[in-house]
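By convention in this document, chain letters (A, B, ...) are assigned in the order of the sequence lines, proteins followed by strands, and residues within each chain are numbered from 1. Computed from a prediction, not measured in an experiment: that's the story for all the values here.
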There are 2 protein chains.
Amino acid sequence: MATIKQVAKRANVSVATVSRVMNNNGYVSAEAREAVERAIAELDYAPNRVARSLFTKTSGLIGLIMPDITNPFFPQLARAIEDVANQHGYQVVLCNTDEQLAKEQSYLVALQTMHVDGLIITTNHSDNPNYEKLEVPMVALDRIVKSGIDAVISDGYEGGRLAAETLLNCGATRLAHIGGPEQLQTVKRRTDGFLDVAGDRLVGMTHSSFTFKEALTAAQTLFDEHWPFDGLFAANDVIAAAVLQEAVRRNVRVPQDLQVIGYDGIELGEMTSPPLTTISQPIYEMGRRATERLLDLIEKKDTVTKEILLPVTLTERQTTIRKGHDT
Amino acid sequence: MATIKQVAKRANVSVATVSRVMNNNGYVSAEAREAVERAIAELDYAPNRVARSLFTKTSGLIGLIMPDITNPFFPQLARAIEDVANQHGYQVVLCNTDEQLAKEQSYLVALQTMHVDGLIITTNHSDNPNYEKLEVPMVALDRIVKSGIDAVISDGYEGGRLAAETLLNCGATRLAHIGGPEQLQTVKRRTDGFLDVAGDRLVGMTHSSFTFKEALTAAQTLFDEHWPFDGLFAANDVIAAAVLQEAVRRNVRVPQDLQVIGYDGIELGEMTSPPLTTISQPIYEMGRRATERLLDLIEKKDTVTKEILLPVTLTERQTTIRKGHDT
DNA sequence: ACTTGATATGTAACCGGTTACACATTATGA
DNA sequence: TCATAATGTGTAACCGGTTACATATCAAGT
């Protein structure tokens, strides 16, 4: 790789002049500019970002801290983040923490020492001193966060309500629910919303992690202990898929005997049989907004901490019975 | 953040001594070492990786170039890569290229100027000059690659054969196939293997991209034009899921009327109804091996170009009829 | 006692950029 | 015409590490 010095020599100017044309600042004569540009082209020069970083204290890097990219909710988020970061000339560093504070900590120091310009964090530990003492701009994503950290989330409570209302509207009378991991505030809100509308029409409820395997045993438990019910709301689409599978195993027909609503709106919901009715979060949009917000923070366009709350929508597929069409 | 100079002053030594204790090389007296360590602890010092990078020309960064993290095959790969990279003190930079050469190019220069230590590439364009002229160690993953680039792939041809043999063993006599994108060599081999065993028992075949939507229309076409068939091999699990969904729409019972085998072994296969029999690639293992290989290359442990071919296995679930159990 | 090698430490150059500052030249306005 | 501002360019300091090299001390070997 050519260096700025080589370019300077070839163009018969000083490194300062080369730097000026690269960054388009300061005064440069037309001839000098042309000579430099020719030299750059001839040498196929691209400035060393490490060197630039050292001086400017910016890296063009964004740290992305999420529990597990393997969880089907996160790839879309990551994609959105990477897309907009890239459009603005930033690269993203991927970190999987499995929600473990120790891992987060070690990533945090690694990212800090490489001078990332900002952080997008999907963590429950944002109130941890490790985060608080960081002077790096950051925004929390899909997580409710204690103090003065920016956040973008979607309206889980309303999503829960919407699920219950939909089930009720579709004629369900005996409701069931499988909630998510209880320490996830953002997931708990879905349950809260659902429960508030369901009231005493709730006949059974349990909890599960977001792994399919656990979801399957949770579904089995629910069927074993609380059947019959005719409307079920799952805290995410993976759990809903498990319910669907368990339903066919038990010859419970969906949606005739049991209507099911999932949560998230990931692609998996299209692939089940029948395709899953679900409460869709605007996942890509969430990633996009979080990144745009972070970029604003980095460029100091805005310093007032904000929480961005995005609306959810009902995606009606075939695990509920359409009213008005009266299938 | 504290700098090495501050540490040096506090410990009453020179920066060289601090550097020596940090890197554990050169001679350092016990007292000096202790003083430095105390100063480091007191100041919470961590060396600036950017500065170190500039001198050493290593960054601790690995570039991960893949088409689209949103495609459910890739998150596991990314996770494996990130896991082993992290275990060795490296961070990974995520790049989504959508298979577009222009995007790859722009990522390549970005990654190069930030001095990534290595590259894992999932691309069809490895024979492009952009890659060839790079002096960065790299390994291709899940892609067949022209010249002297290391690669790790799994045995697609054998996987295709295995799929056909399994279907035949399970009593299928009229075989169908939905192939993947034709420019993907690694996917084409699955088709080749399948076709070689199927021979003239093949009654119908079509192609599809790996998006669920397209797969669904491909499945419809196949049913429309070539039904009946009783054994189907799909080039990946997403396509297989589409076939399953289309089958229930047409009241075709799986596996009684039609047996289906997918390919990849992603988690989606567990979530369909019925759960999908599939040819499993050792996805995590592939990512792991690729990264370990890359790390060896980076550390110059080995310079002979290698192709690592990993075996695939049959994961028997419920879209095929178990022989010997005669369900 | 003197050479030699091991131990210990500091100074300064270097990595490849950016930019403050000095200096020179040219244009502008009174 | 002369002061002043705008334009153009180079030198060198700086960012925060690493390490070659110089220098010094001390123990061991002859």
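When the C1' atom of C/dG16 is taken as reference, atom CE of A/M1 falls 12 Å away, rounded to whole Å. A straight line from CZ of B/R52 to C1' of C/dG16 spans 18 Å, rounded to a whole angstrom. Between A/Q6 atom CD and C/dC15 atom P the separation is 11 Å, expressed in whole Å. Taking atom NZ of B/K9 as the reference point, atom P of C/dG10 lies 15 Å away to the nearest angstrom. We find that CE of A/M114 is positioned 16 Å from C1' of D/dG17, with the value rounded to whole Å. When rounded to the nearest whole Å, the span between NE2 of B/H115 and C1' of C/dG16 equals 9 Å. Atom CD1 of A/I4 is separated from atom C1' of C/dC15 by 13 Å (rounded to the nearest Å). The NZ-P distance, from B/K5 to C/dA12, rounds to 13 Å in whole Å.
Exactly one residue among A/L77, A/V92, A/L64 makes a side-chain contact (heavy atoms from CB on, under 4.5 Å) with A/E82. That residue is A/V92.
Inter-residue side-chain proximity for A/H88 and A/V84 is flagged as met; some heavy-atom pair is nearer than 4.5 Å.
Counting any heavy atom pair closer than 4.0 Å across all strands shown, B/V50 reaches no nucleic acid atom.
One can find a donor-acceptor pair under 3.5 Å joining the base of C/dG10 and the side-chain atoms of B/R20. No donor-acceptor contact under 3.5 Å links the side chain of A/R49 to the base of C/dG16.
Checked by atom type, the side-chain pair A/N25/A/N23 shows no donor-acceptor distance below 3.5 Å. A/Y131 and A/E104 share a donor-acceptor pair across their side chains, judged by distance under 3.5 Å alone.
Nearest nucleotide to the side chain of B/F55, out of C/dG10, D/dT19, D/dT11: D/dT19. Distances were taken from every side-chain heavy atom of B/A16 (C-beta onward) to each of C/dT18, D/dG10, C/dT11; the shortest belongs to C/dT11. Which of C/dG10, C/dT18, D/dT19 sits closest to the side chain of B/N25 comes down to D/dT19. Counting only heavy atoms from C-beta on, A/V28 has its side chain closest to D/dT9 among C/dT9, D/dT9, C/dG17.
The phosphate of D/dT9 has OP1 or OP2 within less than 4.0 Å of a side-chain N or O from A/S29. Within the structure, a side-chain polar atom (N or O) of B/S19 is placed less than 4.0 Å from OP1 or OP2 of D/dT18. The phosphate of C/dT7 (OP1 or OP2) has a side-chain N or O of B/Y27 nearer than 4.0 angstrom. Here B/T17 reaches the OP1 or OP2 of C/dG10: one of its side-chain N or O atoms lies under 4.0 Å away. Note on A/K57: every side-chain N or O is 4.0 Å or more away from OP1 and OP2 of C/dT18. Contact annotation: B/N48 side-chain N/O to D/dC15 OP1/OP2 distance is not under 4.0 Å.
A residue-by-residue look at B/A30 and B/L54 shows that B/A30 has its nearest nucleotide of DNA chain C further toward the 5' end. Comparing A/V18 and B/G26 by the nucleotide of DNA chain C whose heavy atom lies nearest to each, the residue mapping closer to the 5' end is B/G26.
To the nearest 0.5 Å, atoms CG (A/N86) and CD (A/Q91) are separated by 6.0 Å.
Residue A/E42 places its CD atom among more than 12 non-hydrogen atoms of other residues, nucleotides or ligands, all under 6.0 Å distant.
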